[in-house]
K.L.:
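Take a look at the following structure, please.
Heavy atoms only: backbone and side chains are in, while hydrogens, waters and symmetry mates are out. Numbers restart at 1 for each chain; the letters A, B, ... are given by sequence-line order, proteins then strands. Since the model is a prediction, treat every value here as computed from it, not as a measurement.
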Number of protein chains: 2
Amino acid sequence: MKRITIKDIAKTLGYSIGTVSKALADSHEISEVTKVEIQKFADENGYQYNQYAKLLRTGKTNIIGMIVPKIGNSFFSQILEGIEEKMSKTVYNLIIMQSYDDPVRELNLLETLFKKGADAIIIAPTGNCISLDYLRKLKKDGIPVVLIDRINYAISTHKIGIDNFRAVYQGISHLISMGCMDILFISSMAKGVVEERRRGYLQCLNDSGIQINYENLLSIDVEKNGENSREELIKYFAQRIQENILPDAIFTASDQLTYQVLEVLHALNIEVPKIIALLGFANFTFSNLFSPPLSCIVQPSKEMGSKAFALIEEILDKPDRQESSSFEDIKLPVKMEIRQSTN
Amino acid sequence: MKRITIKDIAKTLGYSIGTVSKALADSHEISEVTKVEIQKFADENGYQYNQYAKLLRTGKTNIIGMIVPKIGNSFFSQILEGIEEKMSKTVYNLIIMQSYDDPVRELNLLETLFKKGADAIIIAPTGNCISLDYLRKLKKDGIPVVLIDRINYAISTHKIGIDNFRAVYQGISHLISMGCMDILFISSMAKGVVEERRRGYLQCLNDSGIQINYENLLSIDVEKNGENSREELIKYFAQRIQENILPDAIFTASDQLTYQVLEVLHALNIEVPKIIALLGFANFTFSNLFSPPLSCIVQPSKEMGSKAFALIEEILDKPDRQESSSFEDIKLPVKMEIRQSTN
DNA sequence: ATTTAATATGCAATCGATTGTGTAAAGAAC
DNA sequence: GTTCTTTACACAATCGATTGCATATTAAAT
C-alpha cells in the first residue's frame, strides 16, 4: 500500500539509514556482500526513492517549464510530442503552459514557473515580449532558457528554430517561378520572427527585380479565438474585390493564418490557385487533403522539440554548471511541400 | 540570486522558524502584529515556499499525470488545452505522457507516474488495455483515476466522454437519410469505445431495416506513424475496386482514420461524395477546408479537458478524502457538422 | 494577591533522502 | 607487541518546510 522507504529497509535489515543509502548508490564505502543484500531486498520490495526528498537535498527539481502560445495548435503540439518522446524515459518532468500570445500572461506564467522551481525553461515567446528582462534574470539565476520557434535576438540564450529569412525567400521564389508578381504577405503583428520573414519576402522580390508594393504587407492581429482576425480578413478581401485589385498570390506567415486565409478565400469564392495562389507555413499532417491541396512550408516541429530537450538535458546533466557564455543557435531545415494551391 | 527561505526570514526578523511558518500560514497562534511584520517582509523579499519541502511533510505532490495516445493528435491536444487553461491558475502541475496506443508502454508510464508520486491520473487508455489491474491498485492507494475519451466499463472509476453509441447512431442515420445503404464502418482494433460505436452502427442499420453485411465492419490497426494503416487501406480499397463492390458511404470511427481514409480515397481517385460519402469523427478546426469539406462528428474536446480537471480538483481539494464509492460518468454532447462529404 | 486562562512564541521531531565525519575491528608493517 | 592503515559501517547534520507540545508572558477571574 504505502511506498517503502530507505528507513524501512534499514530497520528490517538492521543497517543504518546512511548505509542503505550508500549501498543503493553503489558506494565504495560499503562491502560487496552488504550492497548485494540491500539492493536485492530493495528490488524485491519494489523500493523507489522519493525524488522530492532527494531534490530537497540536491536542489534539483527536474522540472522543465514550457510556455507556448497554444497547445491545440498542431505546430506546438508536435513540438510537445518531440519533447515528451525524449523526456518520458528520463527523470525530468515537463510543465506546459499557454500564453495565448498575451505578453502579460506570459510574464505571469514565467513567474509561476520560477516559483515552482523549474530547472530550465523552453519558451516560444510572444511577439512584443515584455518578459525579456525576466528571462535574463532567470538566466542569471542559473536557469537555462531555450527559445523555440519564436527566436528573439535581443536576448542571448539558446535558440532553436528555422532560418525564417531563407524559408520565406524560398517560398516567394517558388511563387515567382510560378509566374506570380503581385504577392500579398500576410503576417501577425508580432515582431522578431515576423520581421525576418518579412525581410525574406522583401529581399526575394528585390532580387527578382519585382517592384515592391508596401500595401502588400498585411498585418493581422491573431488572437485567442480567431473570430476577429477572420472578420478582418473578410473585410480586407471584400474591399479588394470591389476595387478589383486582387493579388495573384498570397504568402501566409503562420499556420493559423494559412488556414484562415484559405477559409476566407473559400468563403468569398476566390478560387485557389486559379485567381490567387496560396503558400504559407503549415504543420498539419494532412495538408494534402485541403481544397486545393495546400502548398506549404513545414517546420521540423517534432525535431525542434527533441533538440530542445536534448540541449537542456545536456546542460542540466553537466556536473559543475554555471551560467554559460556560449549559446547554441540551432537552425533546422524546413521542408517545402508543393501542391495544387500554388499551381 | 538564491531563493529566500523561511529560515532566512526567521534569522533576519529574529523569530523562530516555526513562528514564521505559522505566521505565513496565517495561524491564529501568532499575533496580528507579528503576522503582518513577517508577511510583509516575506512579500517584499519575494519569498516563495518550497513546494517540495512542503510535500515531503504533507505527502501531496500536486502532480496530475496524464496519459494520451499521442499529443500531436489534435483531439488530444485540444483536451490538453482545456486542462491547462483551468490548471495554470492552480497549484497543480500536469505531467503528460504518450502511450502511442501501446498497452505495455502505457503500463510502464503508469508505473512511472506512480513513482513520481502523481496525486491523480487522467488517462485515455489503449484499447486492449492491460493496465486495468494497475489502475485499480492506484485507486485503492487513494489516487483518483479519471478515464477520458476511451471509456472502459470494466473498471469503476470516474469517466468523461461522449455517448458513443448515440453519436454513431446519429451519424449513420444521417448517411442513411442521404440515401446510403451500403455503409462501410472503419475502426481501429481497440475494444471498449469502438465496441460502442460499432453497436451504434449496427443498431441504426437494424432500426432502419437495412440488412447488415458484416464484411462492412473493417478493423485497421492504427499505430505510431500510420504508414502500415495507409497501406492496409490502399490494399483494401484497391481490391474492392477490382471486385467492383465499393460501398456508397464510409463511417470512420476515429480522427486519424477519417483523415487517412479521405487521403486514400483521393489517392485512388475515388470521388467523395460522388462515389462514396464520408462521415467520421474529426476534431480539426478547419475540416471545412478539406476537399470536399468534411462532414464530421466533433467532440467537445476542450470541455472534456476542463471537466476532467475540475473533477480532479474537486476530489483532491476535499479535506478528508477516502476512496470514493460513487463515480462520475459524464457524457458530453457531440456536434455533427454536415458538409459536402456526405452530400 | 493568587490562581487560571489565554496568548504568543520557541523548541524539536518529522518527512526521505544525501553525505561528511567518527569509530570499531581486522589486517599489515615494523 | 605496538603502531598504522584499511575496511565497513554508524552517526548526525542537512535540505525547507509543518506541527504538536512546552513555556514564558500577560490578561482575566476569583
Side-chain angles (χ1 to χ4, degrees), chain A residues 1-39 41-42 45-63 91 114-119 142 319-320, chain B residues 1-39 41-42 45-63 91 114-119 142 319-320:
Chain A
M1 183 87 180
K2 281 221 61 79
R3 273 211 276 281
I4 157 178
T5 72
I6 215 169
K7 202 170 161 185
D8 302 324
I9 300 181
K11 210 183 297 173
T12 311
L13 260 42
Y15 291 103
S16 76
I17 292 177
T19 301
V20 174
S21 173
K22 285 171 184 165
L24 293 173
D26 212 29
S27 159
H28 65 276
E29 288 181 57
I30 307 298
S31 75
E32 275 310 312
V33 190
T34 310
K35 276 201 274 196
V36 169
E37 182 190 358
I38 292 178
Q39 286 166 3
F41 183 87
N45 293 77
Y47 168 76
Q48 289 299 333
Y49 74 87
N50 180 322
Q51 67 171 303
Y52 305 104
K54 189 171 184 168
L55 78 83
L56 194 54
R57 280 279 311 190
T58 60
K60 269 190 71 175
T61 62
N62 291 335
I63 284 184
V91 296
F114 178 66
K115 285 179 205 170
K116 298 203 176 197
D119 279 342
D320 297 306
Chain B
M1 184 83 180
K2 281 221 63 78
R3 272 212 277 281
I4 158 179
T5 72
I6 216 171
K7 201 170 161 186
D8 302 325
I9 301 180
K11 210 183 298 173
T12 312
L13 259 42
Y15 290 103
S16 77
I17 292 177
T19 301
V20 174
S21 172
K22 285 170 186 166
L24 292 173
D26 211 30
S27 159
H28 65 276
E29 289 182 56
I30 308 299
S31 74
E32 275 309 313
V33 190
T34 310
K35 276 202 273 195
V36 169
E37 181 190 0
I38 291 178
Q39 286 166 2
F41 183 87
N45 293 77
Y47 168 77
Q48 289 301 333
Y49 75 87
N50 181 322
Q51 66 171 304
Y52 307 103
K54 189 172 184 168
L55 79 83
L56 194 55
R57 281 279 312 189
T58 60
K60 267 192 71 174
T61 61
N62 289 336
I63 284 183
V91 296
F114 178 65
K115 285 180 205 171
K116 298 202 176 199
D119 280 342
D320 297 307

K.L.:
Below 3.5 Å, can you tabulate the donor-acceptor pairs from side chains in residues 10-22 of chain A to any protein atom, sequence neighbours excluded?
P.N.:
residue, atom, partner, partner atom, Å
A:Thr12, OG1, A:Asp8, O, 2.7
A:Tyr15, OH, A:Glu37, OE1, 2.8
A:Ser16, OG, A:Thr19, N, 3.2
A:Ser16, OG, A:Thr19, OG1, 2.9
A:Lys22, NZ, A:Glu29, OE1, 3.4

K.L.:
Check every atom of D:dC9, C:dT9, D:dG16 against the side chain of A:Leu56 and return the nucleotide holding the closest atom.
P.N.:
D:dG16

K.L.:
What residues from residues 24-32 of chain B pass a heavy-atom cutoff of under 4.0 Å to DNA chain C?
P.N.:
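Residues of residues 24-32 of chain B under 4.0 Å from DNA chain C: B:Glu29, B:Ile30, B:Ser31.
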
K.L.:
Could you tell me whether the phosphate oxygens of C:dC11, OP1 or OP2, come under 4.0 Å of any side-chain nitrogen or oxygen in B:Ser16?
P.N.:
no

K.L.:
Expressed as a whole number of angstroms, how long is the span from A:Leu55:CG to C:dT19:P?
P.N.:
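Checked: the CG to P distance equals 13 Å.
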
K.L.:
Give the angle between the helix axes at the two ends of the helix from C:dT2-D:dA29 to C:dC30-D:dG1, taking five base pairs at each end and rounding to 10°.
P.N.:
60°

K.L.:
Could you tell me which non-hydrogen atom of B:Asp26 sits nearest to which non-hydrogen atom of B:Gln39, and how far apart they are?
P.N.:
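Smallest heavy-atom distance, with atoms named: OD1-NE2, 3.4 Å.
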
K.L.:
Does anything in residues 45-54 of chain B pair up under side-chain hydrogen bond (donor to acceptor under 3.5 Å, both in side chains), and if so which pairs, sequence neighbours excluded?
P.N.:
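Residue pairs passing side-chain hydrogen bond (donor to acceptor under 3.5 Å, both in side chains), neighbours aside: none found.
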
K.L.:
For a quick test of reading the model, state the closest non-hydrogen atom pair linking A:Thr61 to A:Lys116 and the distance between them.
P.N.:
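Heavy atoms only, the tightest pair is CG2-O, 4.3 Å.
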
K.L.:
Distance check: side-chain N/O of A:Thr34 vs OP1/OP2 of D:dC9, anything under 4.0 Å?
P.N.:
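The answer is yes; a side-chain N or O of A:Thr34 sits under 4.0 Å from OP1 or OP2.
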
K.L.:
Any side-chain N or O of B:Lys35 under 4.0 Å from OP1/OP2 of C:dA8?
P.N.:
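Negative; the distance criterion is not met.
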
K.L.:
Would one find a side-chain N or O of B:Tyr49 under 4.0 angstrom from OP1 or OP2 of D:dC15?
P.N.:
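It does not, given that no N or O in the side chain of B:Tyr49 lies less than 4.0 Å from OP1 or OP2 of D:dC15.
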
K.L.:
For a quick test of reading the model, state the closest non-hydrogen atom pair linking B:Leu24 to B:Ala42 and the distance between them.
P.N.:
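Minimum heavy-atom contact is CD2-CB, 3.8 Å.
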
K.L.:
D:dG16 phosphate, OP1 or OP2: any side-chain N/O from B:Thr5 under 4.0 angstrom?
P.N.:
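No, because none of the side-chain N or O atoms of B:Thr5 sits under 4.0 Å from OP1 or OP2 of D:dG16.
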
K.L.:
Taking OP1 and OP2 of C:dC15, is either one under 4.0 Å from a side-chain nitrogen or oxygen of A:Lys7?
P.N.:
yes

K.L.:
Within this structure, what is the CZ-to-C1' distance between A:Arg57 and C:dA17, rounded to whole angstrom?
P.N.:
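After rounding, the reported distance stands at 8 Å.
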
K.L.:
Could you check B:Thr19 against B:Tyr52 and say which one's nearest nucleotide on DNA chain D is further toward the 5' end?
P.N.:
B:Tyr52

K.L.:
Expressed in angstrom and rounded to an integer, what is the separation of A:Asp8 atom CG from C:dA17 atom C1'?
P.N.:
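For the pair A:Asp8 CG and C:dA17 C1', the rounded distance is 13 Å.
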
K.L.:
A:Ile17 has an atom CD1; how far is it from atom P of C:dA17, in whole Å?
P.N.:
9 Å

